[in-house]
**Q** 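Encoded as structure tokens, here's the structure I'll be asking about.
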Amino acid sequence: MEALVASAVAVMTAVGVYLILRRQTFPVVLGTAMLSYAVNVFLFATGRLVVNMPPVLSDTATGYTDPLPQALVLTAIVISFGMTAVVVLMALGSFIASGDDGIDLGEGRE
Amino acid sequence: MIATALTFAFACFGLALLLNLWRVVRAPGVSDRVLALDTMVVNVIALLVLYGIQQGTAVYFEAAVLIAMVGFVSTVAYAKFMLRGDIVE
Amino acid sequence: MGARNDRKSLRMNLALIVILPFLGALLPGVLIRSGRSAAALGAGLATALAFAGVLAHLPQVLAGEAVATRIDWLPALGLSASFRLDGLAALFALLILGIGLLILLYARFYLARSDPAGRFFTYLMLFQGAMLGIVLSDNILLLLIFWELTSLSSFLLIGYWSHKPEARAGALMALVVTATGGLAMIAGMLILGGIAGSYEISAIVEAGAAIRGSSQYPLALALILLGAFTKSAQFPFHFWLPRAMAAPTPVSAYLHSATMVKAGVFLLARLWPVLSGTPEWFYAVTTVGLVTMLWGATVALFRTDLKALLAYSTVSHLGLIVMLLGFGTKAAALAAVFHIINHASFKAALFMGAGIIDHETGTRDIDLLGGLRRLMPITFGLATLAALSMAGVPLLNGFLSKEMMLEAAAHTPYLGNVWLLPGLATLGALISAGYSFRLISLTFLGPERNDYPKPPHDPGPGLWLSPAVLVAVVVTVGLWPALAQPLVSAAAAAAVGGDLPEVALKIWHGVTPALAMSGIALAGGALLLTQQRRLQRAGGALARLDAGAIYTALITTAESGARRLSEALHDGAMARALAALVLVAVAAGGWAFASAGIGLQTRPMLAVNPVVGVGWLALIVASLCLPLFHRDRLLALVLIGIIGLMVSVGFVYLSAPDLALTQITVEVVTVVLMLLALNFLPKLSVAEPAPRRARDAVIAAGAGLGIGALIYALMRRDFAAPTISGYHLENAYTGGGGTNVVNVILVDFRGYDTFGEIIVLGIAALVIYALADVLLRRPNLRRLMAWSPDQPRAGDAHPVMLVVATRLVLPVALMVGVYIFLRGHNAPGGGFVAGLVVSIALVMQYMASGLAWAEARQRFEYHSLIGAGVLIAGLTGLGAWFAGRPFLTSVFGYVHLPPLEKFELASAMGFDLGVFLTVVGAVMLALASLSRLSWRAMTDERRRGEGS
Amino acid sequence: MNHWIIAPVVLPALLAPLLVLLARNDLRAQRLLSGAGTVGFAVLAGVLLVQASAGGIGVYRLGDWPAPFGIVLVADRLATLMLGLSAALALAVLAHVIGTGWDARGRHFHALFQFQLMGLAGAFLTGDAFNLFVFFEVMLIASYGLMIHGGGRARLRAGVQYVVMNLAGSVLFLFALGTIYAVTGTLNMADLAVKAAAVPASEAGLLRVGAVLLLLVFAIKAALVPLQFWLPATYASAPGPVAALFAILTKVGVYAILRMFTLGFGVDGPAGDIGGALLLPAAGVTLLLGMIGVMGARDLGQMAAFAVIGSVGTLMLGVAMFTPAATGAALFYLIHSTLAAGAMFLVADLVRGQRGGLRLVPGPRMANHGLLAALFFAVAIGVAGMPPLPGFLGKLLILDAARAEPAVWAIWAAILVGSLLAVAGLARAGAALFWATSDAAVPEPSQPLALAGIAGLLAALVALTAAAGPVSGWLNAAAAALYAPAPYIAAVLGGGAP
Amino acid sequence: MRKLFPHPQLTLLLAVVWLLLVNQITLGSLVMAALLGTAIPVLTGPYWPDRPRLRNLPMIVIYLAIVLWDIVIANFIVARIVLFMPNAKLRTAWVAVPLRLTRPEAITVLAATITLTPGTISADLSADGRTLLVHCLHAPDPEAVLHDIQTRYEARLLEIFA
Amino acid sequence: MVWDLLITGFLVLAGVFGFVGSFGLVKLPDPMTRLHAPTKATTLGVGGVLIASMLFFATKQGHISAHELLITLFLFLTAPVSAHFLAKANLHGDRPEGLPQPEGSEWATFSPGTDTAAEALAETGDAPPLTPPEGRDH
Ligand code: NA
Ligand code: NA
């Protein structure tokens with residue numbers, strides 16, 4: 001399982017990195033979304049992997065997974081959601097204001 | 001007996017998921033892929049419920065409920081986008 | 001007791017003397033509305049006071065005592081405001097202030113009514129203060145500060161007539177050259193201080209032997225000399241000085257006679273006991289001085305602009321002084337000090353004279369002048385006396401110090417040759433006489449002309465008074481050199497650090513080699529004058545040789561090189577910035593890891609079942625499709641949807657239901673947002689060249705491998721120390737009142753994080769709203785209205801089935817939201833997910849029935865929801881203050897109302913309510929803002945009849 | 001419990017939603033509330049600064065949970081210094097914003113401004129590594145809003161880059177925090193100090209990876225080469241007063257490096273060498289590249305932005321030595337460079353307001369030309385690190401502290417050459433903007449408040465020069481405390497609150 | 001009373017949903033169900049401008065039973081086609097169903113029913129809302145499909161949404 | 001035992017239909033026909049799983065679980081809507097040959113400016129207002 005998770009994180013990271021290196025805003029935004037998936041899984045996995053031991057206290061539970069990384073990931077998800085929303089709209093704004101959605105600043109700026 | 005049936009169901013829905021994946025990779029257009037995603041969502045719900053049965057816990061139901069709701073919304077959103085471009089108008 | 005104090009109080013504190021010019025700098029600015037005279041008077045008053053202050057200390061100083069004062073400033077550095085007035089300092093201070101007074105007077109009449117006189121006097125006073133600071137500093141760091149200040153204030157002065165391009169260029173050049181030297185000097189001074197263990201000059205002087213013996217001495221010497229030479233316009237850094245002549249004449253007169261350029265000379269004199277006496281010193285300083293003297297004099301011979309001629313002559317005379325200091329003998333040092341006074345007096349007078357001529361005739365070009373002796377007799381008299389002094393004609397002060405120079409040169413072997421220095425020194429004096437005679441001859445002698453740009457006549461006394469005073473000094477000292485003896489001796493004694501050979505200043509020393517050399521020089525000078533024409537033809541090319549041009553080329557190249565480098569690097573290519581980050585992260589991470597290594601893996605792997613494998617495959621395949629298919633943007637979003645789904649399911653499987661709920665709900669809102677934006681954006685990304693894609697793929701693979709390996713290594717081993725989350729599991733129920741530990745961490749243990757997080761969300765919405773608002777204004781609005789869909793649009797904006805279905809879904813979803821909210825503390829869920837669920841239900845209304853319809857039914861303004869949410873969360877946290885507990889301390893309890901079951905009430909729920917409201921407000925505000933854009937874009941479209 | 005410590009976070013955090021809730025359509029009310037709030041923020045910062053000066057380390061346990069299990073705030077000298085500096089800058093910026101009417105050019109300026117203050121306060125005061133992330137994000141997202149305030153093509157495009165770069169940084173931040181947590185099992189900085197020191201050799205490699213990634217995150221914020229690419233366009237395109245406020249944002253990166261690498265990882269710990277090894281060369285190159293940018297810039301906005309990079313390089317040279325003396329010197333320079341850069345952007349904004357642009361070409365003579373020229377000259381002196389403003393002293397302090405370094409000559413050369421480039425560039429800019437004017441005059445805007453803001457910053461710089469001795473003594477004590485973290489650790493992890 | 005219960009049927013539905021969600025029937029959950037069942041319709045009132053009046057409860061039950069049965073059958077039919085019929089033999093067809101139903105809610109229920117039942121999908125509605133477009137997976141006789149839809153479902157819905 | 005059989009039966013049936021739904025998605029020849037399989041079979045498949053789950057928890061763990069009903073209801077409510085939309089999307093992409101014409105009208109998808117909800121609802125007196133929401137500026 002660890003290998004699966006690690007390879008998934010690796011692939012998502014690689015895809016995210018590849019996308020943020022594109023030259024238009026939209027794929028870059030997709031790339032940041034991919035990277036946040038990757039990092040969320042990464043952060044989650046730092047609590048080590050456990051199956052069927054959710055961190056919900058009960059008398060019958062045999063053990064619990066580490067709840068702290070989960071809380072951290074939740075915070076991270078929410079924050080990256082806010083950030084994504086902002087960057088999406090900024091990309092749109094940049095497109096509307098400048099007529100193309102390239103991400104480079106290019107020549108001839110005022 | 002139930003265990004065997006569970007395994008069978010797992011296998012069926014797992015295969016279904018693979019088929020969906022195939023359709024995602026090889027499809028003539030986006031609408032087919034959206035359909036594949038929509039189907040995937042439903043298959044995943046089934047898998048989650050199966051997993052709940054297997055583990056004897058109901059703790060995964062909320063996830064299933066939300067996935068159902070959310071899968072619908074995104075399918076509609078994709079479709080509306082294909083139709084109108086503007087999903088809120 | 002009283003008497004002593006009284007006497008002492010008459011003597012001004014040195015720090016106050018230094019501050020006076022700076023205070024004086026404020027006056028002109030304040031007084032300028034009362035006219036030039038008031039401004040000059042204000043400045044003059046401060047100068048005069050400072051002058052008097054120095055004079056008051058003079059008896060003591062001439063007696064060989066030094067006056068000192070010291071205020072600790074930055075002890076950690078060894079920087080103190082230490083001032084010390086010894087003979088050398090007094091000599092310079094009197095020159096600076098005395099000539100300063102004359103310059104102020106002269107400038108008052110020189111400046112035109114249209115010149116901003118307030119600024120002029122302010123700059124001049126700043127400069128004066130900086131100069132005074134240099135000469136009075138007893139701490140080299142303090143000296144450095146004033147040193148840099150002279151560079152800055154002279155920049156302002158030289159560029160005063162800023163409308164002239166040559167003034168701007170000259171100011172920039174002077175600043176850059178002197179600043180270069182200044183910066184080098186900083187390093188040199190730091191080395192000195194390091195060896196001496198103190199930055200106090202007195203301490204450094206004491207450590208002279210140690211310094212000269214240090215291995216760092218040559219470096220320190222080179223750096224300090226660089227500072228001194230640039231400031232004193234020594235070859236090859238002399239080129240800035242002639243260009244600084246673009247300044248108004250009073251400035252030239254001040255900077256280039258008594259002050260700015262003398263700062264370097266002063267420094268050499270100041271550090272003479274520390275640095276001199278070594279072969280390095282001798283050859284470096286003497287050679288540079290000698291070359292400068294000859295080169296400056298030679299160029300001066302060919303200049304036709306009066307001020308340029310004087311400027312090169314200044315260069316030459318500074319070379320002379322520097323050369324004397326380089327000799328390293330006390331006699332030569334004495335000569336140097338004496339020549340400093342003499343040069344200051346005749347050169348200031350000459351500059352002022354040149355200014356008068358320029359002022360009255362409208363030109364400074366000696367080719368256009370001549371024959372002025374009758375038209376401007378006063379000027380003629382003054383300038384001629386000063387110029388003859390410069391030529392070294394007996395009975396004027398220039399002669400005396402030149403004699404001493406020649407005498408010193410005559411006794412100084414150079415490179416083992418006893419004739420070399422005397423010969424070259426005589427040559428220098430000869431040329432000096434030559435250009436001095438030429439100046440007099442071409443300006444004043446010869447026939448009167450009728451083509452002067454302005455009819456020449458002598459100016460009023462306001463202009464000639466100052467040079468007259470200086471010429472009086474020239475003559476007086478020339479005739480009675482003994483009058484200058486005390487000051488010169490005291491100064492020289494201070495410079496050489498102690499006892500001085502008994503050298504009396506007098507006109508007649510008997511028949512000495514120097515006398516012969518002097519005679520040769522004067523005769524040769526006269527001969528040069530007669531050979532004018534021939535000389536000009538031969539030397540024209542030489543005169544055009546200009547280090548300044550090299551400098552200009554250099555600086556232009558540096559500037560354009562800097563621009564090219566900087567712009568090439570910062571050309572706004574995003575990918576470069578990101579690639580740099582990724583590559584550095586991979587490389588640095590690899591280095592950090594490799595430099596320490598890792599132990600064995602300690603945790604066994606979890607088993608995998610086939611269905612999980614399928615999920616993994618789906619995730620991997622969808623991810624890998626993304627780089628392949630991403631150009632079709634809608635498809636990319638669908639793929640992202642699949643990845644998000646699989647990640648959520650993975651979270652469920654790996655015991656993280658809360659994460660799954662959050663991930664899946666956030667995901668759909670994100671997709672909706674992206675679709676809203678994609679409506680406007682191109683639906684297809686541009687294709688990029690294969691090499692670029694391949695390169696990026698390599699970078700991406702590196703990053704993926706790195707991160708994958710890292711997380712794999714982390715997962716396969718245990719914590720090095722017990723994790724703090726054990727405490728959370730133990731105390732969630734007893735201390736936090738909830739069984740869903742993740743939620744208790746979110747709203748309690750780490751509620752503060754969550755507080756920050758909802759604020760992020762709230763801000764995001766505000767930013768989006770504000771941005772949408774900007775986009776809805778001109779000029780963006782015009783573009784927005786001109787936008788039209790880039791793909792064919794189907795009919796049917798609000799299909800019936802969706803409208804009906806979503807209206808049923810809304811209340812049910814709200815119910816689900818409430819349910820998830822309430823159970824969050826004890827089971828997966830909570831305010832955040834609940835907020836998203838409710839938002840999604842509302843979004844469905846927008847999608848089904850449209851913005852207008854949904855907004856018309858909106859009960860609460862989304863802004864208010866955000867505000868209220870953050871406030872509720874914050875105030876819940878603050879509530880704890882009233883119980884004397886920290887922010888966000890929670891309370892909970894179990895309520896039992898008889899017929900009902902026991903239920904829990906926790907303050908954390910109030911906090912979670914805040915979270916809930918913020919989330920709903922933020923998500924909806926963001927979506928509504930985005931939707932509004934397309935609404936505006938489409939109303940126009942509708943008017944045109946719905947596309948096709 | 002000393003509630004003063006949380007107050008600088010809570011005040012803007014509650015004021016901002018109030019602004020949104022009650023005053024979002026009333027600019028006057030916004031100004032009043034925002035102004036009062038910022039003054040209040042400054043007062044709170046002052047109180048904390050005074051408290052920290054007494055030498056105590058204030059600890060605030062949020063939610064009343066013991067450290068390291070809950071989140072703690074820690075007010076020591078360094079934190080309160082940064083807080084005070086932020087407050088000083090914020091006051092000047094706000095005066096400028098109100099004085100020039102920048103806040104009327106878009107929505108929600110004041111709410112975003114207050115949130116920005118909240119983010120800064122939170123980042124400086126927190127004693128928890130993950131909470132630092134959260135407040136970085138608060139700070140950043142508010143800065144996104146401020147950065148694109150008023151819109152415009154160049155600003156939006158640069159804004160996208162700014163956001164994307166920081167998103168990448170946030171991802172890296174989480175990778176780093178995850179790694180650190182996975183090794184040490186803690187997030188509390190003081191606890192991390194204890195646990196990192198005890199990390200066995202078998203885990204040291206992983207901890208070092210976490211540390212190095214964290215260093216990169218902070219290096220992005222600080223705009224260290226080669227992570228500086230985002231800064232020039234961002235600062236040059238942001239509204240003037242916002243760029244001025246951003247002068248403190250780069251310093252947050254510097255602060256975080258100091259905090260994490262003196263306390264969190266410990267200079268003697270298994271990850272202790274990382275900061276120095278990587279930072280020193282990077283800082284030198286940053287300094288030179290920044291100043292080369294100053295030398296070559298085509299407009300004043302760019303030039304000011306490159307000057308920020310250059311000053312960060314100088315500052316980082318001081319930090320990278322990781323000795324108490326060098327850190328004290330760096331802190332001195334930090335105060336100076338923050339205020340000077342802020343003032344530079346504010347002056348540039350006034351100039352832009354009248355000239356319409358900042359290209360270094362002859363333009364119309366401005367109405368209050370002389371005054372602006374004088375302000376520019378003063379501020380340029382500050383930015384170039386020339387006397388009498390305190391940058392010169394700061395540089396001398398750093399140069400002096402570098403004596404003990406093996407790379408002393410390289411450090412000296414970098415700083416001195418950098419200064420020369422800055423002087424040359426700034427002088428050229430001043431000459432182009434204020435000396436080479438055409439005669440077309442521009443009507444004079446009445447902006448006394450904006451001028452007061454700049455004057456305030458300059459006054460602060462002058463005061464810093466005058467009080468260099470005591471200030472540097474204070475800073476050296478702050479620096480010394482960083483290298484002797486035992487009291488900090490004891491205050492955080494020890495029993496009750498002090 | 002109307003203000004408090006703008007939509008009694010919805011109230012009831014929501015109360016049931018709540019009980020399904022909390023998965024228990026206790027006094028507490030009943031109280032909560034009642035509270036929410038009351039509050040949410042009031043809150044969402046504006047989104048329900050026009051409430052369909054459902055009559056004829058027995059007919060609703062019959063209709064549901066028929067549909068449920070048809071769904072099961074539909075699935076067997078579709079399964080057979082998918083698994084065993086070669087694509088070449090597939091006789092797809094489009095059918096335009098003229099509607100007698102006018103209420104949007106009724107049309108929606110009909111369309112949903114058609115989609116869930118044998119081999120048909122309601123693909124579109126005409127612009128005037130009077131014709132439904134149905135796609136048949138395998139319909140050698142499209143007229144029969146039309147007939148089925150009209151008699152089996154639409155007629156009953158007409159009675160329900162009177 | 002009976003319960004076990006029943007649960008097993010539901011599970012098997014569910015598995016089969018679940019598979020069929022996705023198989024159809026791959027096998028059927030064009031986008032319109034592909035729509036049929038998942039909307040019916042997969043929905044029923046998941047329904048079967050849910051019923052099995054209800055039975056399982058009721059009989060094995062002794063607590064009546066009604067969550068599943070909720071999910072089932074929801075899926076049955078939404079699946080037709082999704083299918084309807086995707087069908088419209090297919091139509092929009094490429095108008096099929098042999099499409100019948102509605103009497104006196106045009107299919108909404110091909111009819112610019114149409115708002116079937118608005119028109120359908122207009123008869124009941126509540127058309128969505130088509131005025132821009134500018135007035136409600138926040
Ligand atoms: Na959270
Ligand atoms: Na708490």
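Quick note on labels: first sequence line is chain A, next is B, and so on, each numbered from 1.
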**Q** Give me the atom names and distance for the closest heavy-atom approach of Ala63(B) to Val652(C).
**A**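 Where Ala63(B) meets Val652(C) most closely, the heavy atoms are CB-CG2, 3.9 Å.
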**Q** Most heavy-atom pairs under 4.5 angstrom with chain B, which of Asn609(C), Thr806(C), Val672(C)?
**A**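 Sorted descending by pairs with chain B, the first entry is Val672(C).
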**Q** Rounded at 0.5 Å granularity, tell me how far CE in Met82(B) sits from CZ in Arg793(C).
**A**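 If I round to the nearest 0.5 Å, the distance is 15.0 Å.
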**Q** Hey, does Asp632(C) have a side-chain heavy atom less than 4.5 Å from the side chain of Val30(B)?
**A**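 Yes - at least one pair of side-chain heavy atoms lies under 4.5 Å apart.
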**Q** Quick one: which of Gly14(B), Ala36(B), Ala77(B), Gly29(B) has the most heavy-atom pairs under 4.5 Å with chain C, could you say?
**A**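 Looking at each option in turn, the highest pair count goes to Ala77(B).
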**Q** Select, from Cys625(C), Pro792(C), Ala660(C), Ala618(C), the one with the greatest count of heavy-atom pairs under 4.5 Å involving chain B.
**A**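 Most pairs with chain B among the choices: Ala618(C).
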**Q** Output, in order, the C-alpha distance, side-chain angles, deciding distance and verdict of side-chain contact (heavy atoms from CB on, under 4.5 Å) for Val73(B) and Met847(C).
**A** CA-CA 9 Å; Val73(B) 176; Met847(C) 288 200 314; 3.9 Å; yes
**Q** Does the side chain of Val816(C) reach to within under 4.5 Å of the side chain of Glu62(B), using non-hydrogen atoms?
**A**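 No. Closest side-chain heavy atoms not under 4.5 Å.
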**Q** Measure distances from Val638(C) to the heavy atoms of chain B and classify the residue's part below 4.5 Å as side chain, backbone, both or neither.
**A**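 Interface part for Val638(C): both.
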**Q** Could you grab the distance from atom CG of Leu661(C) to atom CG of Leu66(B), nearest 0.5 Å is fine?
**A**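 The CG atom of Leu661(C) sits 5.0 Å away from the CG atom of Leu66(B).
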**Q** Given a strict heavy-atom distance threshold of 4.5 Å, which part of Leu15(B) is in contact with chain C: side chain, backbone, both, or neither?
**A**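 It is neither, since no heavy atom gets under 4.5 Å.
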**Q** Which atoms of Leu639(C) are under 4.5 Å from chain B, going by heavy atoms: the side chain, the backbone, both sets, or neither?
**A**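 The answer is the side chain of Leu639(C).
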**Q** Please report the shortest heavy-atom distance between Val88(B) and Ser934(C), naming the atom on each side.
**A**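 For Val88(B) versus Ser934(C), the nearest heavy atoms are O-OG, 3.8 Å.
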**Q** Atom CZ in Arg84(B), atom CG in Asn679(C): separation rounded to 0.5 Å?
**A**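 Reported to 0.5 Å precision, the distance equals 10.0 Å.
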**Q** Given heavy-atom pairs under 4.5 angstrom as the criterion, report whether the side chain, backbone, both or neither of Leu83(B) touches chain C.
**A**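 Contact with chain C involves both backbone and side-chain atoms of Leu83(B).
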**Q** Mind checking whether Met646(C) and Leu17(B) have side chains closer than 4.5 Å, heavy atoms only?
**A**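 Heavy-atom side-chain distance check passes, below 4.5 Å.
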**Q** Ignoring hydrogens and geometry, is there a side-chain-to-backbone donor-acceptor pair from Tyr78(B) to Val671(C) under 3.5 Å?
**A**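 Such a contact is absent between Tyr78(B) side chain and Val671(C) backbone.
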**Q** Relative to chain C, which segment of Met40(B) carries a heavy atom at a distance below 4.5 Å: side chain, backbone, both, or neither?
**A**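 Answer is both: backbone and side chain atoms of Met40(B) are under 4.5 Å from chain C.
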**Q** Output the option from Leu802(C), Leu678(C), Asp658(C) having the highest count of non-hydrogen pairs under 4.5 Å with chain B.
**A**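 Looking at each of Leu802(C), Leu678(C), Asp658(C) in turn, Leu678(C) comes out on top.
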**Q** Under 4.5 Å heavy-atom distance to chain B, tell me which part of Leu617(C) shows up: side chain, backbone, both or neither.
**A**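 For Leu617(C), heavy atoms of backbone and side chain both lie under 4.5 Å from chain B.
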**Q** Once you round to the nearest 0.5 Å, how far does CG of Leu634(C) lie from CZ of Phe81(B)?
**A**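 If we round to the nearest 0.5 Å, Leu634(C):CG and Phe81(B):CZ are 5.5 Å apart.
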**Q** Under 4.5 Å from any heavy atom of chain C, what part of Phe72(B) do you find: side chain, backbone, both or neither?
**A**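 It is the side chain, since no backbone atom gets that close.
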**Q** Would you check if Asp86(B) and Leu676(C) make a side-chain contact, meaning some heavy-atom pair closer than 4.5 Å?
**A**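 SC-SC contact between Asp86(B) and Leu676(C) confirmed.
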**Q** Give, for atom CG of Leu48(B) and atom OG of Ser648(C), the distance between the pair rounded to the nearest 0.5 Å.
**A**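 Rounded to the nearest 0.5 Å, the CG-OG separation comes out at 9.5 Å.
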**Q** Output yes when a side-chain donor or acceptor of Lys80(B) lies under 3.5 Å from a complementary backbone atom of His798(C), and no otherwise.
**A**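 Answer holds: no.
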**Q** Report yes if some heavy atom in the side chain of Thr665(C) is under 4.5 Å from a heavy atom in the side chain of Val70(B); otherwise report no.
**A**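 Yes. Closest side-chain heavy atoms under 4.5 Å.
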**Q** Using heavy-atom distances under 4.5 Å, tell me whether Val837(C) contacts chain B through its side chain, its backbone, both, or neither.
**A**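 For Val837(C), the contact with chain B is made by backbone and side chain together.
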**Q** Report the distance from atom CE of Met674(C) to atom CD1 of Ile87(B), rounding to the nearest 0.5 Å.
**A**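 Atom-to-atom, Met674(C):CE and Ile87(B):CD1 are 12.0 Å apart.
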